[in-house]
Engineer: 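Have a look at this one before I ask anything.
Basis for what follows: all heavy atoms, side chains included, without hydrogens, waters or symmetry-related copies.
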Amino acid sequence: MKRRKIGSGLLPSLLSARLGCARQSRKRASALLSLALSFTLCISTDCWCQTQLSLQDCLSYVLNNNLKLKTARNQGLQARQAITENRAKLLPQLNGFASFDDNFEPPVSATDQSDNGAPYYITHTLQYAAGMGIQLSMPLYDQTLLTSMQLVKQASEMSVLQEEKVSEDLLENTAKMYFMAQVTHEQISLIEKNIQSLTELRDQTYALGENGMALEVDLQRVDLNLSRLRTSKDNAMLMLQQQYNSLKYIMDYPAEKDFSVTDVDISQIQQTKAYGMSYDLPELKLLRQSVKMAATQLQMTKHGYIPSLSLTGFLQWNAWTGDLKRWGSGYPDNKLWDSYGLGVSLRIPIFDSLDKRSKIRKGKLDVANAELELQDTQRDMQVQYDNALNERASALQNYQREKEAYELAQEVYNVTSDQYTEGVATMTAVLQDQMNVNQAMSGYLDAYLSYRLANLAILKLSGQLNNLLK
């Protein structure tokens, strides 16, 4: 690289004049660059100029449109229909019937008539017989059936709890993805500022190089850093688009429509009060319901030893003839013989080859396993809550340190940049400080996101997730 030689006596005045021109050029370039970057950013993302949705908007949308939640609600409706279906088994059942028999070889019956001197009295059955009527049946007492009704109601309650769990999972996943999109959005904005700052430095370096006061390699070093920053921006833009796609999927938002998240001020954080782990979480309520259902299933098996009592009844009409032509021709065969009656039916279990005994033993193990799973899950969630508290405390400390480091790195870079303009600092020092700014920015953003996610975990485990909707 070649540098022009300038006389020592003229250097201060020439340097001042050239730097003045460079500053004016830099201001004009900065204004144009800001406008161009804003326009480019809006066009390239194609979503920042679209509808802006707050976190509350996204959460409300997902609760109204998510397909998994709709499926869970439909399953709840099915469970409630099952209650009606099983309740019908306790009500009277009426069944109509009709029959017609053609006895090709009618049977006969013999009656002992020895008292009258004849050995037998032979009765011939008519060839044709028809009948119709109504049958009634209704359980009067069936403890197994009553317990099964209780089990169906518990299954309906389980479906409601499952819907609640799906809802909370969606709220958590939506908020998590929304926070990530906000941080990525802010990352792109900070990268844009760094690009703008480095572009101004490039203009200064170019102006100095034109006047023989900077080396060409310095300009190449700036271009190399600019290329790296633009690559970082492209990667962040791709990540942001993927996060928006994930949000659209969770929310069941139309893929052809675009929206943007709200801006976030990463210099400020809000801390959620820790009220302790909630024992009323959907996961725990589901497990408690599983214990209850297992106990009810065991009880229903035991009730299989209890006798059951049912009410029966019938109303029917019968007709017989030896010749079909006689029906409907005024013969006595047209007469319908009616009969009706009521009764009770008692069923007493005696021996079932030890089937119920095996089921009872299995049912006891099911109850024990359900209780163990509940205890294990409670302990696991308590550990998760304690870990979330520790993670949030650690993330808060990291956030404060990274924030100070970023602010300090930015100040150092500004000083070094001014010193380079004045000919005191080298380009290597400026670029090194600029790299320090990028690293500090990355740590700053990661610490902020880690804090938000740890805080979200505490909200979930403490049962305050619905506060995000407020």
Side-chain angles (χ1 to χ4, degrees), residues 42-84 155-188 236-264 270 272 278 280-287 289 381 388 449 452-470:
C42 183
I43 295 300
S44 58
T45 60
D46 195 32
C47 63
W48 293 1
C49 298
Q50 304 297 328
T51 302
Q52 191 176 69
L53 298 180
S54 65
L55 175 61
Q56 290 75 15
D57 294 334
C58 292
L59 295 178
S60 299
Y61 194 95
V62 74
L63 291 179
N64 293 324
N65 296 276
N66 182 265
L67 299 181
K68 292 182 180 179
L69 189 55
K70 290 181 179 179
T71 302
R73 288 169 180 163
N74 289 338
Q75 291 174 347
L77 293 175
Q78 288 178 338
R80 285 189 284 274
Q81 290 299 321
I83 295 177
T84 305
S156 177
E157 295 172 0
M158 175 76 82
S159 65
V160 174
L161 295 176
Q162 186 63 39
E163 178 184 343
E164 182 181 348
K165 182 181 182 302
V166 172
S167 176
E168 286 220 350
D169 290 342
L170 287 173
L171 291 178
E172 181 186 16
N173 294 333
T174 302
K176 184 181 298 183
M177 192 58 61
Y178 192 92
F179 294 156
M180 294 173 65
Q182 281 186 316
V183 172
T184 305
H185 187 284
E186 182 66 17
Q187 179 184 4
I188 293 174
M237 296 285 291
L238 177 61
M239 183 184 299
L240 180 63
Q241 188 59 49
Q242 292 173 346
Q243 290 164 351
Y244 276 134
N245 291 339
S246 298
L247 267 176
K248 289 180 182 180
Y249 169 73
I250 296 174
M251 297 165 55
D252 195 35
Y253 195 85
E256 66 277 5
K257 294 184 179 180
D258 292 322
F259 69 92
S260 65
V261 297
T262 57
D263 296 332
V264 61
Q270 294 180 349
T272 301
S278 172
D280 201 31
L281 298 174
E283 292 86 348
L284 299 179
K285 289 193 290 187
L286 279 170
L287 291 175
Q289 190 71 7
M381 299 193 78
L449 180 60
R452 294 294 298 273
L453 295 182
N455 204 49
L456 179 64
I458 292 175
L459 280 175
K460 180 182 184 300
L461 294 170
S462 60
Q464 304 179 69
L465 206 55
N466 287 331
N467 292 344
L468 295 175
L469 292 167
K470 300 177 182 178

Engineer: For a quick test of reading the model, state the closest non-hydrogen atom pair linking H185 to D263 and the distance between them.
Structural biologist: CE1-OD1, 3.2 Å
Engineer: Roughly how far, to the nearest 0.5 Å, is the CG atom of L247 from the OG1 atom of T174?
Structural biologist: 6.5 Å
Engineer: Is there a side-chain contact between E186 and V261 in this structure, where contact means two heavy atoms from C-beta onward sitting under 4.5 Å apart?
Structural biologist: no
Engineer: Can you check side chain to side chain contact (heavy atoms under 4.5 Å, CB included) on R452 and V264, steps first, answer last?
Structural biologist: CA-CA 12 Å; R452 294 294 298 273; V264 61; 4.0 Å; yes
Engineer: Do N65 and M251 touch side chain to side chain, with heavy atoms closer than 4.5 Å?
Structural biologist: no
Engineer: Check the side chains of T262 and Y178 for a donor-acceptor pair under 3.5 angstrom, ignoring hydrogens and angles.
Structural biologist: yes
Engineer: Working to the nearest 0.5 Å, report the span between CG of D57 and CG of L469.
Structural biologist: 10.5 Å
Engineer: Of all the heavy-atom pairs spanning L240 and A181, show the shortest one and how long it is.
Structural biologist: CD1-O, 3.6 Å
Engineer: Less than 4.0 Å between a side-chain N and a carboxylate O, is that true for E283 and K460?
Structural biologist: yes
Engineer: Before you tell me yes or no, could you show the steps for R80 and V160 under side chain to side chain contact (heavy atoms under 4.5 Å, CB included), namely the whole-Å CA-CA distance, both residues' side-chain angles and the distance that decides it to 0.1 Å?
Structural biologist: CA-CA 10 Å; R80 285 189 284 274; V160 174; 4.1 Å; yes
Engineer: Which atom pair, heavy atoms only, marks the closest approach of A155 to A79?
Structural biologist: O-CB, 4.3 Å
Engineer: Could you tell me which non-hydrogen atom of L161 sits nearest to which non-hydrogen atom of P282, and how far apart they are?
Structural biologist: O-CB, 4.5 Å
Engineer: How far does CD1 of I250 sit from CG of L67, to the nearest 0.5 angstrom?
Structural biologist: 12.0 Å
Engineer: Taking atom types as modelled, find out whether Q75 and Q162 have a side-chain donor-acceptor pair closer than 3.5 angstrom.
Structural biologist: no
Engineer: Between K68 and D252, does any side-chain N to carboxylate O distance fall below 4.0 Å?
Structural biologist: no
Engineer: Nearest 0.5 Å please: distance from the CE atom of M177 over to the OH atom of Y249.
Structural biologist: 12.0 Å
Engineer: Any non-hydrogen side-chain atom of L170 less than 4.5 Å from a side-chain atom of L69?
Structural biologist: yes
Engineer: Go through the steps to decide whether K248 and D258 satisfy the test side chain to side chain contact (heavy atoms under 4.5 Å, CB included), and finish with yes or no.
Structural biologist: CA-CA 9 Å; K248 289 180 182 180; D258 292 322; 3.0 Å; yes
Engineer: If a pair satisfies ring pair (Phe, Tyr, Trp, His ring centres under 6.0 Å) and one of its residues is in residues 51-74, list it, with sequence neighbours excluded.
Structural biologist: Y61-Y253
Engineer: Check Q243 against M180 and note the closest heavy-atom contact, atom names and distance.
Structural biologist: OE1-O, 3.4 Å
Engineer: So, taking the atom named OG in S60 and the one named CG in L55, what distance separates them when rounded to the nearest 0.5 Å?
Structural biologist: 9.0 Å
Engineer: In Å, rounded to the nearest 0.5 Å, how long is the span from OG of S278 to CG of L284?
Structural biologist: 7.5 Å
Engineer: Closest heavy-atom contact between Q56 and K470?
Structural biologist: NE2-O, 3.2 Å
